[in-house]
Amino acid sequence: MEKITIMKTALITGINGMDGSHLADFLLKKDYKVYGVERRSSTKNRTNTKHLEGKITFLQGDLTDQNSLLRCLKESNPNEVYNLAAQSFVGESWNTPEHTSEVTGLGVLRILEAIREFNPNIKFYQASSSEMFGRMVENPSKETTPFYPRSPYGVAKLYGHWITKNYRESYNMFACSGILFNHESEKRGIEFVTRKISDGVARIKLGLADHISLGNLDAERDWGYAPDYVEAMWLMLQQDTPDDYVIATGVKHSIRDFLDAAFKHIGIARWDSYVKQDPRFMRPAEVDVLRGDYTKAKNQLNWEPKTNFSELVQKMVDNDIKLLSNG
């Protein structure tokens with residue numbers, strides 16, 4: 001007898017972001033029907049998702065408006081919901097702490113409530129963050145490590161993380177959080193330090209600029225490749241029981257290391273004269289180091305990162321050279 005495959009449907013908030021775009025690509029290859037939630041605006045920012053037009057269905061919704069989220073659920077009727085929407089720039093969270101809390105924190109509550117009202121059997125993924133560890137009390141950090149956020153963004157993410165756990169335990173919902181450490185790709189926004197570096201290095205390579213302005217160069221992060229990490233998100237929702245997982249590489253590098261790799265890729269060994277430190281980019285409370293232990297994900301999800309640090313940096317620099325060369 002021929003086996004019948006039932007197509008799954010996924011709803012992704014934050015579809016136009018780096019992770020949302022990569023996740024949509026991944027799910028389409030798995031033969032999912034994909035709906036993406038984007039905020040209503042006069043000009044749509046589909047830089048990362050232009051290639052998805054005609055392949056997925058875009059819906060209008062906002063994490064500050066629960067009715068719009070409920071409407072998105074009714075229109076898509078999903079098996080899985082991936083909440084990747086947030087005010088995601090840590091530095092900006094000091095300038096707009098209330099907005100960050102509304103979207104990144106309370107937005108999670110609104111979408112969980114919408115799911116509970118519409119269909120509590122929907123599987124839910126929450127994008128938690130290594131910024132919740134902040135001033136690390138255990139290095140590397142794992143799922144049982146105490147949290148110590150050091151920014152309004154980190155505090156808001158922590159609320160989202162705990163309310164997800166609360167709904168799982170209170171209403172027996174399949175709700176889980178991926179505590180993702182820093183992950184980047186060619187689709188990263190230009191305001192993030194990694195993309196500032198890859199774009200700046202590309203401009204220097206092409207003679208379009210003579211320096212890059214950055215803040216703290218000594219911060220250390222556990223950097224992975226976003227397409228590897230969206231696979232981990234999907235794997236979490238394929239388990240029999242919901243749980244939370246740290247997703248990381250277990251290796252830390254400083255921003256200086258990122259600069260070393262990026263400039264080396266274009267043939268520059270000493271980059272000191274090309275980089276200027278700007279006090280405007282210093283954080284009021286710095287997170288000095290973040291490094292994760294993904295042992296649980298390796299053992300239970302059979303997940304491991306595939307792309308190493310040098311490959312990640314080279315991919316980003318090459319992409320920015322290509323983008324700038326094409327105008």
Side-chain angles (χ1 to χ4, degrees), residues 9-17 19-20 23 35-41 59-90 92-134 143 146-180 233 236-237 241-247:
T9 300
L11 179 69
I12 305 172
T13 68
I15 187 64
N16 292 322
D19 284 354
L23 179 60
Y35 289 82
V37 180
E38 60 183 359
R39 284 178 298 164
R40 180 181 178 85
S41 61
L59 302 176
Q60 291 185 352
D62 196 310
L63 288 188
T64 63
D65 182 351
Q66 188 173 320
N67 283 334
S68 74
L69 298 172
L70 185 57
R71 186 171 60 250
C72 288
L73 290 170
K74 290 177 178 177
E75 290 185 37
S76 60
N77 191 24
N79 305 101
E80 300 169 0
V81 171
Y82 296 84
N83 181 38
L84 310 185
Q87 189 299 99
S88 59
F89 187 40
V90 178
E92 177 60 24
S93 71
W94 275 283
N95 297 327
T96 56
E98 185 176 345
H99 174 69
T100 299
S101 301
E102 277 286 347
V103 176
T104 307
L106 287 173
V108 185
L109 170 64
R110 294 186 186 101
I111 195 164
L112 283 166
E113 264 296 287
I115 290 171
R116 187 172 75 91
E117 181 179 338
F118 175 69
N119 178 5
N121 293 318
I122 292 171
K123 291 186 174 184
F124 175 74
Y125 171 84
Q126 165 59 16
S128 289
S129 168
S130 60
E131 288 286 335
M132 300 187 308
F133 292 120
E143 293 80 5
F147 297 115
Y148 196 145
R150 294 267 287 168
S151 66
Y153 170 83
V155 173
K157 276 291 186 183
L158 189 53
Y159 177 86
H161 179 79
W162 278 111
I163 201 66
T164 299
K165 188 185 290 282
N166 180 256
Y167 268 62
R168 179 169 75 216
E169 296 176 354
S170 300
Y171 303 112
N172 197 31
M173 292 170 64
F174 195 110
C176 61
S177 294
I179 308 173
L180 271 59
M233 300 176 189
M236 290 178 210
L237 297 196
T241 55
D243 206 346
D244 305 325
Y245 298 87
V246 163
I247 303 299

### Query
Could you give the distance from SG (C72) to CG (L59), rounded to the nearest 0.5 Å?
5.0 Å
#### Entry: Closest heavy-atom pair and its distance - G14, A85
N-CB, 3.6 Å
## Note on the structure
Closest non-hydrogen contact found for A156 with S101 is CB-CA, 4.1 Å
## Note on the structure
Smallest heavy-atom separation, P149 atom then G154 atom, equals CB-C, 3.5 Å
#### Entry: Side-chain touch M173/T164, heavy atoms, less than 4.5 angstrom
no
### Message
Let me confirm one number: the CD-OH distance from E143 to Y245, rounded to the nearest 0.5 Å.
### Response
8.5 Å
### Task
Report yes if the side chains of M233 and Y82 come closer than 4.5 Å at any heavy-atom pair, otherwise no.
yes
### Message
Distance alone, cut at 3.5 Å: any donor-acceptor contact between the side chains of T13 and N83?
### Response
yes
#### Entry: Reported CG-to-CD1 distance for the pair L73 and I111, which is rounded to 0.5 angstrom
6.5 Å
### Task
Tell me, yes or no, whether the heavy-atom count around N119 atom CG, taken from other residues, nucleotides or ligands under 6.0 Å, exceeds 12.
yes
### Query
Does the side chain of Q126 come within less than 4.5 Å of I163's, by heavy atoms?
no
### Message
Given 3.5 Å as the limit, does a donor-acceptor pair link the side chain of S76 with the main chain of Y35, or not?
### Response
no
### Message
Taking the six-membered ring for Trp, are F133 and F147 closer than 6.0 Å centroid to centroid?
### Response
yes
### Query
Does R39 reach the side chain of Q60, with side-chain heavy atoms less than 4.5 Å apart?
no
### Query
How far does CG of L158 sit from OH of Y153, to the nearest 0.5 angstrom?
12.0 Å
### Under-4.0 Å salt bridge between E102 and R110
yes
### Message
Please give me the minimum heavy-atom distance between A86 and T104, naming the atom from each residue.
### Response
CB-OG1, 3.7 Å
#### Entry: Audit row: L11, V37, side-chain contact (heavy atoms from CB on, under 4.5 Å) steps and yes/no
CA-CA 7 Å; L11 179 69; V37 180; 3.5 Å; yes
### Task
Could you go through the side-chain contact (heavy atoms from CB on, under 4.5 Å) check for V108 and F124 one step at a time?
CA-CA 10 Å; V108 185; F124 175 74; 4.2 Å; yes
### Message
The test is side-chain contact (heavy atoms from CB on, under 4.5 Å); show your working for N121 and F174 and say whether it passes.
### Response
CA-CA 7 Å; N121 293 318; F174 195 110; over 6 Å; no
### Task
Answer yes or no: is there a side-chain heavy-atom contact under 4.5 Å between K123 and V81?
no
### Message
Measuring from atom OG1 of T64 to atom NE2 of H99, what distance do you get when rounded to the nearest 0.5 angstrom?
### Response
8.0 Å
### Query
Is L70 close to K74 at the side-chain level, that is, under 4.5 Å between some pair of heavy atoms?
yes
### Query
Which residues satisfy the side chain to side chain contact (heavy atoms under 4.5 Å, CB included) test with N67, sequence neighbours excluded?
D65
### Task
Go through the steps for L237 and C176 under the test side-chain contact (heavy atoms from CB on, under 4.5 Å), then give the verdict.
CA-CA 8 Å; L237 297 196; C176 61; 3.5 Å; yes
#### Entry: D244 CG to Y125 OH distance, which is reported to the nearest 0.5 Å
10.0 Å
#### Entry: Electrostatic pair E113:R116 at N-O distance under 4.0 angstrom
yes
### Query
With a 4.5 Å heavy-atom cut-off, do T9 and N77 have their side chains touching?
no
#### Entry: Side-chain heavy atoms of I179 within contact of H161, under 4.5 Å
yes
### Whether K157 side chain and A127 backbone form a donor-acceptor pair below 3.5 Å
yes
### Query
Looking only at atom types and distance, does a side-chain atom of E131 sit under 3.5 Å from a main-chain N or O of S151, one as donor and one as acceptor?
no
